[in-house]
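Worksheet: one structure, shown below.
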Amino acid sequence: MKKFFIVFICAAMLAGYTSTACAIDFKIKGEWLMVFGAGQANLINSKRLGDQRQTPTQEHFTAAQRLRLQLEAIANENLSATVQMQVGMVTWGKASMGGALGADGVTVKIRQAYIDWMWPDSDLRTRMGVQFFMLPNKAGGPAILASRVGSVNAAYKINENVDITGFWARPFNDNYTGESKAGATYDQGYLDNMDLFGLVLSLKYDGFELSPWAMYGIRGRNSMWNNGNDPTLTNFGTAGNPVFTLYPYPALMDRNPADPYTNHSTSKTYGSMFWAGLPVGITAFDPWNIEFDINYGYVESMGRYNAYKGAVSRENLKRSSTQRQGWLAKALVEYKMDWGTPGILGWYSSGDDGNPKNGSERIPSLCAYGSFTSFLGDTGYTLVPWHDSSLDYSGTWGIGLQLKDMKFIEDLKHTLRAVWWGGTNSPSMAKYMGTAYAWNDGWQNWDGPYLTTNDGLLEFNLVNTYKMYENFTIYGELGYIANFVDNDTWDKAGARNSSFQKQDAWKVQLSFLYSF
């Protein structure tokens, strides 16, 4: 890796130089990001399980940085290759990240590496390799998939208004470490691939955009496992960002270690997945901007597991399905004015009906990046661990007001938001969750807080952007979440004699970005 990084730097030094023999142009891009933040992101102040009481601990201040360098080797307009590397994120003082005294941690990694090429005498353009891939979306960001993944994309331009794109992506393969039996390991790498196939039709006219898409996937029965008893693949996560939300109830499935989730014992070799979306953008009525987006997702059941309504006992057992399917609709209406852009935003996602026997009714996702807000969502440059705690809209509804890009001083902009997050899951689901604080188990891990129709969160954002120089921008952010989770609803989940004390969350953050 170190040798590769040296080669990268040498190539960067030659950026802009054209070799006479090879006629290859090199272009380099990059960004340095420094972030300083303070906050309290945990929505629980303390919790109790039986006689054991726990107070969540978290540092209130963090400093971190990240460097990205991208090199393009361009042969001509029909052929090029790109590699992007990243140093960090580096948390200051953390040895494993290279931030401690001496700064010798291993932090260099390849983010993207792909080839762009075009079929001769045609309008068919192909990109293959590890690349950032995002499904079409409007109003609140991608709700299904937005991540780096190995894939092949082929886009054909039918005419100046219509494009069609087909793709194959492989998010997971060869990660299953096998199952240990009698001192030996079996089935390592067996049936652990996940493959996605999709089509996107892009229609663009003056003042109107429409991009219907559909994606079908298959996943092997071992594709989401690290080993014989871990269905979480936690090593695929990045700080605060859920990688997938395919399982129906992570908190529920982890309730009883002595009675493990039985997905791994399914007789099926592969299971089907399907998603579809219809994002629409309308700017024909300037200065109005109207966006809406409809999504549907389905993941086939791959085995069953034991859910318990109340205490863990045979009398309370309900054999439950791992199927998950649901839908999401989101919208944004804005009116652009000289001093800023006021707007109203909202969404509604299907929620669980209270019966785990028929699976989950929340929409599944592979890597969602909801961007309506900047605390429970992802809208800015940040690295600290209390950001982006939930990027997924599943099982929630919301409505909010925002004043975007308010400008009173040259080069300084402000965005102010107030958004209510409500739940669409049945309150009776609390009885299956095992502990009164299970609603918080997904926080910064899976789907975010599990909200029932009795629960709510009120989020406030103030994001300031100051463009000091052409290539240097400073971001200042304030975030606050008022906690309105219903105590009475979750007290019913106290099958293990559990309780919790809730609290509000807040953050203050300052980011410095130099890009070229």
Side-chain angles (χ1 to χ4, degrees), residues 42-54 56 231-232 245-263 299 301 303-326 349-364 390 392 394-397 421-443 445-457 483-503:
N42 205 309
L43 292 172
I44 288 183
N45 178 266
S46 66
K47 57 186 180 182
R48 179 181 59 83
L49 179 58
D51 295 330
Q52 297 181 352
R53 181 175 295 275
Q54 180 181 354
T232 63
T245 59
L246 302 183
Y247 288 110
Y249 314 104
L252 191 158
M253 294 186 303
D254 292 338
R255 278 187 60 184
N256 185 13
D259 185 16
Y261 173 49
T262 58
N263 179 4
V299 174
S301 174
R304 305 185 72 81
Y305 67 97
N306 293 340
Y308 296 91
K309 191 173 185 179
V312 177
S313 66
R314 182 175 296 275
E315 293 75 18
N316 294 332
L317 184 150
K318 178 173 288 191
R319 201 76 173 131
S320 300
S321 172
T322 58
Q323 176 181 292
R324 179 165 173 169
Q325 67 174 328
S349 178
S350 58
D352 294 329
D353 61 6
N355 180 17
K357 188 175 183 179
N358 60 13
S360 172
E361 286 73 37
R362 292 175 296 148
I363 185 171
S390 170
D392 190 277
S394 64
T396 68
W397 68 273
W421 291 71
T424 60
N425 299 299
S426 170
S428 63
M429 278 302 300
K431 298 178 181 179
Y432 290 97
M433 294 300 182
T435 59
Y437 49 82
W439 62 271
N440 191 60
D441 287 354
W443 182 249
N445 187 19
W446 292 78
D447 295 323
Y450 188 94
L451 302 179
T452 73
T453 54
N454 295 335
D455 303 317
L457 301 170
N483 190 340
F484 294 97
V485 168
D486 186 63
N487 291 48
D488 292 338
T489 297
W490 289 97
D491 281 344
K492 299 175 183 178
R496 296 185 184 178
N497 189 24
S498 60
S499 64
F500 68 94
Q501 288 184 341
K502 64 185 179 183
Q503 66 181 5

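Quick note: residue numbers are just sequence positions, from 1. None of the values given here were measured: they were computed from a predicted structure.
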If I take atom OG from residue Ser426 and atom CD from residue Glu361, how far apart are they, to the nearest 0.5 angstrom? 10.0 Å
Any side-chain heavy-atom pair from Pro449 and Val485 closer than 4.5 angstrom? no
Shortest non-hydrogen contact between Asn454 and Asp486, atoms and distance: O-CB, 3.4 Å
Calculate, to the nearest 0.5 Å, the distance between atoms CG and CG belonging to Asn487 and Asp455 respectively. 9.0 Å
Arg362 backbone acceptor or donor facing Arg324 side chain under 3.5 Å: yes
Going by atom types alone, do Ser360 and Asp352 pair a side-chain donor with an acceptor below 3.5 Å? yes
Using modelled atom types and a 3.5 Å cut-off, is there a donor and acceptor pairing between side-chain atoms of Asn483 and backbone atoms of Leu43? yes
If I take atom CD1 from residue Ile44 and atom CD from residue Gln54, how far apart are they, to the nearest 0.5 angstrom? 9.5 Å
Indicate yes or no for a side-chain donor-acceptor contact from Thr424 to the backbone of Gly395 under 3.5 Å, with no hydrogens or angles considered. yes
Using modelled atom types and a 3.5 Å cut-off, is there a donor and acceptor pairing between side-chain atoms of Thr435 and backbone atoms of Ser498? no
Classify the angle between the aromatic ring planes of Tyr450 and Trp490 as parallel (below 30°), tilted (30 to 60°) or perpendicular (above 60°). perpendicular
Heavy atoms of Ala307 and Ser320 approach each other most closely as CB-OG, 3.3 Å
Do Met429 and Pro356 have side chains that approach each other closer than 4.5 Å (heavy atoms only, starting at C-beta)? yes
Quick one: CG on Asn425 to CE on Met433, what's the gap to the nearest 0.5 Å? 7.5 Å
Begin with the C-alpha distance, continue with both residues' side-chain angles, and end with the deciding distance and a verdict on side-chain hydrogen bond (donor to acceptor under 3.5 Å, both in side chains) for Asp392 and Ser394. CA-CA 6 Å; Asp392 190 277; Ser394 64; 2.4 Å; yes
Could you give the distance from NZ (Lys47) to CZ (Arg53), rounded to the nearest 0.5 Å? 12.0 Å
